[in-house]
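Comments concern the structure below.
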Amino acid sequence: MAERTVDARGSFCPGPLMELIANMKSMQVGDTLELLSTDAGSAADVPEWVKKVGHEMVDTQQDSEGTWHIKVRKAK
Amino acid sequence: MAGLFIICLSGDRERLQFAAMAASVAAVSGTEVQVFLSMNAFPYFIKGQSKEAPAEGAVGKAMERHQVPPFYQIFEQAVELGDAKIWACSMAMDVMGIKEGELESIVAGPMGLTKFFSDAEGSTILTF
């Protein structure tokens, strides 16, 4: 299964979510995407979107520099 | 028809921005979204016209300074990623002398207010 990183640092809502969705459209089921974001709102919104549309949240962590690392697995 | 129906009237950055945010987030979350453009919101969707909207207040000015995605780009994402439909008010087109071929490609076509309200019956309507 492939892994992909999308760097959306510096972008504001709904930029990170849109970048995640645009990338997920070209991924295969089972592939994993790590979204990097400095937008706290997106850190809360992305898991909500993932849950709503039926993908899988793998992990969400904020590093010491304030960047959120949001890992999502494409489930369908 | 269930869904979210958005009417854009203002040409101000803040209102266009929030309309685009609502349209895109709802559309990519599985809600059918239709947007109706009229009054001062309409000219931004004519080919060759500026996509830069003036800020109304402090938040709009702050958006200009920061890396906030432009409203037009967010509307494009609503269409491309969420299959939202954007319609141009036929009255606004008539008074501006605009033909369908002069509309930006993200606009699905002209729409009358009567048809829009008919399609929106029973659904949520937001006006910006």
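Order of the sequence lines fixes the chain letters, A, B, ..., with proteins taken first and strands second; residue numbering starts at 1 for each chain.
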Exercise for review: Tell me, for B:I74 versus chain A, whether the close heavy atoms (under 4.5 Å) come from the side chain, the backbone, both or neither.
Suggested key: side chain
Check your understanding: Between B:P69 and A:M18, is any pair of side-chain heavy atoms under 4.5 Å apart?
Key -> no
Review point. With the 4.5 Å side-chain cut-off for hydrophobic clustering, are A:V58 and A:L20 part of the same group?
Key: no
When you scan chain B against chain A, which donor-acceptor pairs turn up at less than 3.5 Å?
{"from": "B:V28", "atom 1": "O", "to": "A:W49", "atom 2": "NE1", "distance (Å)": "2.8"}

Point to revise | Heavy-atom closest contact (A:A22 atom, B:L81 atom, distance) | key: CA-CD2, 3.8 Å
**Study point:** Transitive ILVMFWY side-chain link B:V68 to A:V46, under 4.5 Å
**Key:** no
Exercise for review: Examine B:V95 and B:W87 and state if one hydrophobic cluster contains both, with Ile, Leu, Val, Met, Phe, Trp and Tyr joined whenever side-chain heavy atoms are less than 4.5 Å apart.
Suggested key: yes
Check your understanding: Under a 4.5 Å side-chain heavy-atom rule over Ile, Leu, Val, Met, Phe, Trp and Tyr, are B:V79 and B:F42 clustered together?
Key -> yes
Review point. Among the clusters formed by ILVMFWY side chains lying less than 4.5 Å apart, do B:V59 and B:L16 turn up in the same one?
Key: no
Point to revise | Whether over 12 other heavy atoms sit under 6.0 Å from A:M57 CE | key: yes
**Study point:** Nearest non-hydrogen partners of A:L17 and B:V28, listed with the distance
**Key:** CD2-CG2, 4.4 Å
